[in-house]
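In this text, all values refer to a predicted model and were calculated from it rather than measured experimentally. Within every chain, numbering begins at 1; the chains are lettered A, B, ... in the order of the sequence lines, protein sequences first and strands thereafter.
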Number of protein chains: 2
Amino acid sequence: MVTIKKIADLCGVSRGTVDRVINDRGNVKPETRELVLNMAKQLGYKPNPAGKALSARKKHPVVGVLLSSEGNPFFEDVIRGIKLAAEKYEIYGLKVIWRNMRGYDVSSQYEIMEDLKDKVNALIINPVNDPVIIKEIDEFVDTGIFVVTVNNDVDNSKRQCYVGSDYINGGETAGALLQMIIPSGANIGIIMGSSKVLGHKQRLAGFEKNISKNPKFKIVDIQENDDDDISSYDKTKIMLEKHKEINAVFIVAAGVYGACRAVLSLDKQNDLTIIAFDTVPTTIEMMKKHVIKAVIYQHPYRQGQRAMQIVFEYLVNGISPDKSKHIMKNEIKILENL
Amino acid sequence: MVTIKKIADLCGVSRGTVDRVINDRGNVKPETRELVLNMAKQLGYKPNPAGKALSARKKHPVVGVLLSSEGNPFFEDVIRGIKLAAEKYEIYGLKVIWRNMRGYDVSSQYEIMEDLKDKVNALIINPVNDPVIIKEIDEFVDTGIFVVTVNNDVDNSKRQCYVGSDYINGGETAGALLQMIIPSGANIGIIMGSSKVLGHKQRLAGFEKNISKNPKFKIVDIQENDDDDISSYDKTKIMLEKHKEINAVFIVAAGVYGACRAVLSLDKQNDLTIIAFDTVPTTIEMMKKHVIKAVIYQHPYRQGQRAMQIVFEYLVNGISPDKSKHIMKNEIKILENL
DNA sequence: TTGTACGCGTTATCAC
DNA sequence: GTGATAACGCGTACAA
């Protein structure tokens with residue numbers, strides 16, 4: 001096994017020098033630097049995480065977690081994943097600052113970020129895809145703060161890593177699933193969250209792309225509920241009353257419960273095939289009532305866990321993520337394999 | 001943060017004594033033992049894995065991996081998972097001895113185990129569920145070897161942990177899925193591996209249990225292929241020729257490719273709904289050809305990774321698994337979300 | 001029965 | 001620029 005000490009001995013220098021070279025701390029003569037670097041490469045030096053972790057304790061690394069989790073049960077599992085990982089890493093001196101907000105308001109998110117800026121070494125964030133936030137993320141990174149976006153990503157930022165699902169594929173999978181369940185064709189009503197949310201748009205695009213290959217499937221109407229259950233209830237009710245020919249409903253984002261209640265209030269649960277996303281408690285309830293046939297599941301728990309793990313490996317072990325995107329598979333869940 | 005040193009100071013004893021108490025090495029006066037134990041509990045002492053890992057290096061822990069992977073592509077992903085984890089842990093001095101065998105022959109497995117017995121500190125095994133093997137597993141554990149069964153478990157052994165799927169639930173999920181795809185009902189032909197394999201029997205039981213609730217679904221025939229593609233091809237062909245009424249095929253274990261080739265040779269791929277297990281390359285090929293509609297997936301990669309992780313945490317960090325069974329979910333995979 | 005001292009690999013802090 | 005040294009937390013061999 002190759003250690004700093006071994007490299008130092010072989011190069012005829014001290015451990016300190018090798019450390020300076022490997023961690024780019026400067027104050028090393030270029031030729032010794034070269035020598036050490038070559039030796040390290042030749043021997044295939046890999047720093048020992050245990051050693052790093054042990055000495056990292058003194059740094060007391062802090063990670064901020066900022067999620068739009070208030071009133072959004074989807075994030076419960078993400079939080080559970082983050083929390084479990086954080087507990088595991090507590091022993092290494094890792095501290096977590098939790099911040100949550102409601103909805104996707106740019107200025108609220110910006111304010112919380114500003115507040116966190118001088119308090120954390122890393123940030124796990126479910127970001128609003130807005131120029132203001134993107135700029136702020138870049139500033140975090142420039143300040144030396146390690147940023148991981150979770151569940152949603154933003155366009156072209158300096159964030160080190162994204163952990164989440166492939167939204168387009170989620171929509172495609174939902175489309176294919178629908179065709180598998182109703183091979184004879186369907187008139188589809190779509191309830192989406194907001195066309196301002198990138199992920200929702202992508203899911204819809206994936207769904208449309210897949211469904212458009214089959215002439216027996218037609219999208220009759222698309223309504224936005226802004227992820228709100230009451231709005232979802234109203235919009236769904238109106239949609240179903242207006243388009244009696246609808247025999248399938250695709251719920252793209254939140255507001256699943258509201259939409260299902262609308263279906264129940266019209267007593268249409270036996271005439272409709274409903275597909276939705278995520279296994280929040282109210283959705284499971286509706287699956288048990290056989291209102292929802294199937295959902296697409298994006299491993300929220302693992303998203304949270306993975307995000308925290310990536311932060312830990314960077315902060316404590318000094319290991320940068322191997323991929324800039326960690327994508328969770330879209331799974332199909334029915335009542336039996338929840 | 002609470003360390004051994006801190007406990008020692010607070011109790012007015014030395015670090016050595018605290019270590020003796022915590023690791024039950026004896027040679028401690030009962031009253032000091034009590035004192036230390038109380039203090040540790042009160043402060044919520046958790047040993048630091050980094051420290052443990054660092055000192056564990058001197059032990060050079062070795063883990064044996066014994067899988068029936070020869071000629072069984074399912075295990076490719078399990079192996080990938082084990083390998084990746086093992087590489088990650090290499091730096092801690094963890095070494096792996098790989099052994100693979102073909103099929104489920106008791107005496108071959110026993111012989112390899114005997115050979116490994118004095119070479120390893122832990123064993124990851126895909127065991128044959130046979131008294132001889134169970135006894136051998138127990139002997140391993142008695143010798144102080146940490147045993148994790150993967151993918152298959154055995155009845156009532158001393159093995160510390162099982163990592164795998166819930167086979168009964170896998171069958172149930174398959175049954176429910178079939179009913180979702182063909183709501184009008186089906187005459188089902190079943191191709192199973194071997195009734196001697198517990199997992200296969202359990203899958204069948206789960207499937208039958210689920211399907212039996214619906215009078216529109218009937219099992220017409222059940223054939224065993226012994227996980228062999230040629231046998232699978234023949235049996236499937238005969239079954240489909242004999243029972244023209246069959247419109248759905250449930251393939252319980254391996255031999256998926258053989259069964260599908262039989263379907264293709266009879267040009268029945270458009271008249272049959274086929275459900276199978278696992279996403280081995282030949283199965284994916286058949287999904288792309290639209291011969292297989294959907295498969296149940298049991299996270300083979302994660303099974304491997306998890307098994308190795310559990311071994312690592314025990315051997316290097318001294319942490320025993322929190323659960324004696326680590327069950328992976330049965331996922332539904334169609335072409336789109338593979 | 002108990003205490004001491006060292007090593008594991010890395011990093012930070014001195015002193016030169 | 002560089003080298004020596006002291007942590008970090010744990011396990012263990014050895015001394016008392």
When you measure from the side-chain N and O atoms of [X] to the phosphate of [N], is any distance below 4.0 Å, counting only OP1 and OP2?
{"X": "A:Ser14", "N": "D:dA4", "value": "no"}
{"X": "B:Ser55", "N": "C:dG7", "value": "no"}
{"X": "A:Asn23", "N": "C:dT10", "value": "no"}
{"X": "A:Thr17", "N": "D:dG3", "value": "yes"}

Take the protein atom [atom1] of [X] and the nucleotide atom [atom2] of [N], then report the distance between them rounded to whole Å.
{"X": "A:Asn317", "N": "D:dC8", "atom1": "CG", "atom2": "C1'", "answer": "14 Å"}
{"X": "A:Lys5", "N": "D:dA4", "atom1": "NZ", "atom2": "P", "answer": "11 Å"}
{"X": "B:Arg25", "N": "C:dG3", "atom1": "CZ", "atom2": "P", "answer": "16 Å"}
{"X": "B:Lys6", "N": "D:dG9", "atom1": "NZ", "atom2": "C1'", "answer": "12 Å"}
{"X": "B:Asn48", "N": "C:dG9", "atom1": "CG", "atom2": "P", "answer": "16 Å"}
{"X": "B:Ile22", "N": "C:dT2", "atom1": "CD1", "atom2": "P", "answer": "15 Å"}
{"X": "A:Glu31", "N": "D:dG1", "atom1": "CD", "atom2": "P", "answer": "10 Å"}
{"X": "B:Ile319", "N": "D:dC10", "atom1": "CD1", "atom2": "C1'", "answer": "13 Å"}

### Query
Considering only heavy atoms and no angle criterion, is a donor-acceptor pair shorter than 3.5 Å present between the side chain of A:Arg20 and the base of D:dG3?
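Per atom types, the contact qualifies.
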Let's test your reading of the model: under 3.5 Å, does the base of D:dG11 pair with the side chain of B:Arg15 as donor and acceptor?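 When only heavy-atom distances are counted, B:Arg15 does not reach the base of D:dG11 through any donor-acceptor pair under 3.5 Å.
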- Item | Whether over 12 other heavy atoms sit under 6.0 Å from A:Lys119 NZ |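 More than 12 heavy atoms, drawn from other residues, nucleotides or ligands, come within 6.0 Å of this atom.
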If you look at every strand shown and take non-hydrogen atoms under 4.0 Å, does [X] touch a base, only sugar-phosphate, or nothing?
{"X": "A:Tyr92", "result": "nothing"}
{"X": "B:Arg33", "result": "nothing"}
{"X": "A:Asn27", "result": "base"}
{"X": "B:Asp19", "result": "base"}
{"X": "A:Lys52", "result": "sugar-phosphate"}

Is the shortest distance from a Lys or Arg side-chain nitrogen in A:Lys117 or A:Glu139 to a carboxylate oxygen in the other one below 4.0 Å?
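Looking at A:Lys117 and A:Glu139, the cut-off is met.
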query: Between B:Lys135 and B:Asp138, does at least one N-O distance fall below 4.0 Å, as a salt bridge requires?
result: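 Not counted as a salt bridge, because no side-chain N and carboxylate O are separated by less than 4.0 Å.
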(message) Given D:dC10, C:dG7, C:dT11, identify the nucleotide with an atom nearest to the side chain of A:Ile4.
(response)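 Nearest to the side chain of A:Ile4 among the choices is C:dT11.
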With the side chain of A:Leu54 defined as its heavy atoms from C-beta on, choose the nearest nucleotide among C:dC8, C:dT11, D:dC8.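 Of C:dC8, C:dT11, D:dC8, D:dC8 is nearest to the side chain of A:Leu54.
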Both B:Val2 and A:Gly26 contact DNA chain D. Which one's nearest nucleotide lies toward the 5' end?
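Comparing both residues, the 5'-ward one is A:Gly26.
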| said: Can you confirm whether the side chains of B:Asn129 and B:Asp155 place a donor and an acceptor under 3.5 Å from each other? | reply: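 Indeed, the side chains of B:Asn129 and B:Asp155 share at least one donor-acceptor pair under 3.5 Å.
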* Asked: With nearest nucleotides of DNA chain C determined for B:Lys29 and B:Gly51 from heavy-atom distances, which residue corresponds to the more 5′ nucleotide?
  ->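 Per heavy-atom nearest nucleotide, the more 5' residue is B:Lys29.
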Set out, in order, the CA-CA distance, both residues' side-chain angles and the distance that settles salt bridge (Lys or Arg N to Asp or Glu O under 4.0 Å) for B:Asp77 and B:Arg80, then state yes or no.
CA-CA 5 Å; B:Asp77 277 344; B:Arg80 259 186 54 235; 2.7 Å; yes
Answer with yes or no after comparing the ring centroid distance for A:His299 and A:Tyr301 against a 6.0 Å cut-off, counting only values under it.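 No, too far apart.
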